[in-house]
**Q** 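Structure provided below as structure tokens; questions to follow.
Naming convention: chains lettered A, B, ... in sequence-line order (proteins, then strands); numbering from 1 in each chain.
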Number of protein chains: 2
Amino acid sequence: MAFQETFKALSDPVRRDILEMLKNGKLSAGEIGQKFEMTGATISYHLSILKKAELVRESKFKNFIYYEINTSVFEEIMLWFTQFGKINNETTNSNGGKNE
Amino acid sequence: MAFQETFKALSDPVRRDILEMLKNGKLSAGEIGQKFEMTGATISYHLSILKKAELVRESKFKNFIYYEINTSVFEEIMLWFTQFGKINNETTNSNGGKNE
DNA sequence: CAGGTATTTAGAAAAGTTTCTAAATAGAAA
DNA sequence: TTTCTATTTAGAAACTTTTCTAAATACCTG
């Protein structure tokens, strides 16, 4: 997984809204687009970024393309965040704990 | 907390590197800058974005400004991610589970 | 106070992102 | 096969972000 692509993908509010729409299951590109005041081309651009970041997967049925969440990349991102959970001040501090 | 500011702040690799540098304790703006091939002005710009997003806090000592991680915002972001943990396909699916 | 170091602010250039319209593709239905 | 619907691709315009240089601020040391 490429962190850069994943975080960039998550940095846009339209794309985070799309992910929230998908958390209860698959939706087609058209169904997703109905919720936004944007052209289908723009939604397609956002979906392509989510797909490149592997945050969603697509599947085809008739002439629809369905999108759904790909949980595994979310798990890897969560793991990245865990490193900031516990902070160790004072001991490794460059100024020997002099300030505050 | 403003999600938009937080996710935008996390979307830049320089800012994520700064956060990783800070996970063992405080560092001054100058100490942070030494690790990058960028002017101090650019580092200052990145620090201002991390500060606005409340991902870091600053404290002054002599004529240095020290930066450190602010854990609470990380916790809120982690919470946002948990909603994507369990996916419920088939039941709420707009196409009645016809595809795949 | 004068000179020095650390950091920020302002403004501009360069690079990247988001959105649009118009055209292309692909598959379904008639 | 022709036409229709769903979606994507291409190219351009508008906007945002990142970086730089130069100048400003702020605080420390002698």
**Q** Under 4.0 Å between any heavy atoms, over every strand shown, what does A/Tyr67 touch: base, sugar-phosphate, or nothing? Just pick one.
**A**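 Contact class for A/Tyr67: sugar-phosphate only.
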**Q** So if I define the base as every atom that isn't primed, P, OP1 or OP2, how would nucleotides 16-25 of chain C read as a B/S/- string at a heavy-atom cutoff under 4.0 Å?
**A** -SBBBBB---
**Q** To the side chain of A/Lys62, which of C/dT8, C/dA29, C/dT7 is closest?
**A**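 Closest nucleotide among those given: C/dA29.
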**Q** Who pairs with B/Glu20 by side chain to side chain donor-acceptor pair (under 3.5 Å), at least two apart in sequence or on another chain?
**A**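 For B/Glu20 the side chain to side chain donor-acceptor pair (under 3.5 Å) partners, ignoring immediate neighbours, are A/Trp80.
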**Q** Given atom NZ of B/Lys60 and atom P of C/dT7, what is their separation to the nearest angstrom?
**A**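 From B/Lys60 NZ to C/dT7 P: 11 Å.
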**Q** In Å, rounded to the nearest 0.5 Å, how long is the span from CD1 of B/Ile77 to CD1 of A/Ile77?
**A**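 So the gap between those two atoms works out to 11.0 Å.
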**Q** C/dT7 phosphate, OP1 or OP2: any side-chain N/O from B/Ser28 under 4.0 angstrom?
**A**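 So the side-chain polar atoms of B/Ser28 do come within 4.0 Å of the phosphate oxygens OP1 or OP2 of C/dT7, strictly under.
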**Q** Assigning hydrophobic clusters by single linkage (Ile, Leu, Val, Met, Phe, Trp, Tyr; side-chain heavy-atom cutoff under 4.5 Å), is B/Ile43 placed with B/Tyr45?
**A**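 Looking at the clustering, B/Tyr45 is in a separate group from B/Ile43.
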**Q** Once you round to the nearest 0.5 Å, how far does CD1 of B/Ile18 lie from CD1 of B/Ile69?
**A**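 Rounded to the nearest 0.5 Å, the CD1-CD1 separation comes to 10.5 Å.
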**Q** Please state how far atom CD1 in A/Ile32 lies from atom P in D/dA6, giving the value in whole angstrom units.
**A**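 For the pair A/Ile32 CD1 and D/dA6 P, the rounded distance is 14 Å.
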**Q** Distance from B/Asp12 atom CG to B/Ile49 atom CD1, nearest 0.5 Å?
**A**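 Answer for the CG-CD1 pair, B/Asp12 versus B/Ile49, is 7.5 Å.
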**Q** Whole angstrom is fine here: how far is it from CG in A/Asn63 over to C1' in C/dG27?
**A**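 Result: 5 Å.
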**Q** Measure from CZ on A/Phe61 to P on D/dT7 and round the result to the nearest Å.
**A**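 Taking atom P of D/dT7 as the reference, CZ of A/Phe61 is at 13 Å.
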**Q** Heavy atoms only: give me the nearest B/Glu5-B/Ala53 pair and the separation to one decimal.
**A**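 The answer is O-CB, 3.7 Å.
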**Q** Would you mind reading off the distance between B/Phe64 atom CZ and C/dA6 atom P, rounded to a whole angstrom?
**A**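 Distance, rounded to whole Å: 6 Å.
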**Q** Provide, to the nearest angstrom, the distance between the CD atom belonging to A/Glu58 and the C1' atom belonging to D/dT7.
**A**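 It works out to 10 Å between those atoms.
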**Q** Does A/Tyr66 place a side-chain N or O at less than 4.0 Å from the phosphate oxygens OP1/OP2 of D/dA6?
**A**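 For D/dA6, neither OP1 nor OP2 has a side-chain N or O of A/Tyr66 closer than 4.0 Å.
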